[in-house]
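For clarity, every value in this text was computed on a predicted model and none was experimentally measured. Order of the sequence lines sets the chain letters (A, B, ...), proteins ahead of strands, with each chain counted from 1.
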2 protein chains.
Amino acid sequence: MNETDVISALRFHGGRVTKARRAIIQSLLNAKNHITAEELVLMVKQKYPAVHLSTVYRNLEELEKLGIIRHTHFLHSPAIYHLEGQIHIHLVCEICGKIVESPVELFSPVSRELKKTFGFSINFRHFALAGRCSACYEDN
Amino acid sequence: MNETDVISALRFHGGRVTKARRAIIQSLLNAKNHITAEELVLMVKQKYPAVHLSTVYRNLEELEKLGIIRHTHFLHSPAIYHLEGQIHIHLVCEICGKIVESPVELFSPVSRELKKTFGFSINFRHFALAGRCSACYEDN
DNA sequence: TTAAATGCAAAGAATTTGCATAACA
DNA sequence: TGTTATGCAAATTCTTTGCATTTAA
């Protein structure tokens, strides 16, 4: 997934390509990791200072509709956005905020079990899981 | 855990027993299920109309510090509070909002695995897990 | 030219905080 | 009497929305 792909997808869905939008997409692709809306607007502002946070939110929403990105909620912190490809489950330490990324496969058994028992299909990606990292666990 | 126990615990920690506080504790104990701060203040206001939402929040925080209650965050909805004893994991349907409660045991294997692999102790109770109930899953 | 996107300010929702007053102990 | 707790309003944080203006196609 590169800039051209994203632009094509947008055009295909009747979207227009503005400077703000292109800059947002570029920054998003350049950010190797997940990123918050706030961080993203800072990157974009370096080139286009006028771009507003609300524009970033609107574009993130648009890109998520197209299935290009996803967002995940963290504890009491702002949501993070990442490319659809990079799927992992986020574990956040409630004490120190450390983030660990776990492969999805680790959750396959419990997912199957929940589906079987309750008919529930869990989306482990929409929320980060809270807990304690090894260091903070020992301290408490 | 009854009213007397809670009051004792509060007193033991230097807390005072006001009318508002007693009413909050009673309502909390009367609510068989989990309850939001907003719902709780409505119950309390029936007897003491002057009690303010912020007082409820402060008391909930206090009771949580004493280990009497816990709270869980739901999707984009307000947090729910429940007695420490009633522990289960909340699954919320992101489409229809339906809530299913799963026993903690179902998550023991994945908890162990995460501890072993990443040293992370997951607290599955602090956040509800999002997903789709059987009905909404089939529709989409 | 016209529908979509933007910038800005303002609203929302849930929760927290500052502060003067009230009320337990 | 001296804290602790309360009520109220105002602040916070993240995100969304209304609206007039700009801009891409």
ask   = What residues form a ring pair (Phe, Tyr, Trp, His ring centres under 6.0 Å) with B/Tyr57, not counting sequence neighbours?
value = none

message = Using the ring pair (Phe, Tyr, Trp, His ring centres under 6.0 Å) criterion, which residues pair with A/Phe107? Sequence neighbours excluded.
response = A/Phe124

ask   = Which residues, if any, of residues 41-51 of chain B bring a heavy atom under 4.0 Å of DNA chain D?
value = B/Ala50, B/Val51

Qualifying salt bridge (Lys or Arg N to Asp or Glu O under 4.0 Å) pairs with a residue from residues 2-24 of chain B, counting only residues at least two apart or across chains = B/Glu3-B/Arg22

Indicate every side-chain donor-acceptor pair of residues 46-54 of chain B with a distance under 3.5 Å to a residue at least two apart or in another chain.
from: B/His52; atom 1: ND1; to: B/Ser54; atom 2: N; distance (Å): 3.1
from: B/His52; atom 1: ND1; to: B/Ser54; atom 2: OG; distance (Å): 3.2

key: Partner set under side chain to side chain donor-acceptor pair (under 3.5 Å) for A/Ser27, not counting sequence neighbours   = none

remark   = The ring pair (Phe, Tyr, Trp, His ring centres under 6.0 Å) partners of A/His13 (sequence neighbours excluded) come to none

query = So how far off straight is the helix from C/dT1-D/dA25 to C/dA25-D/dT1, going by the axes through five pairs at either end, to 10°?
reply = 20°

task = Not counting sequence neighbours, which residues clear side chain to side chain donor-acceptor pair (under 3.5 Å) with B/Thr72? List them please.
result = B/His82

query = What one-letter contact string describes nucleotides 16-25 of chain D from 5' to 3', where B marks a base within less than 4.0 Å of any protein heavy atom, S marks contact via sugar-phosphate atoms alone, and - marks no contact?
reply = BBB----BBS

task = With sequence neighbours excluded, tell me which residues meet side chain to side chain donor-acceptor pair (under 3.5 Å) with A/Ser111.
result = none

request  = With sequence neighbours excluded, tell me which residues meet side chain to side chain donor-acceptor pair (under 3.5 Å) with B/Thr18.
outcome  = none

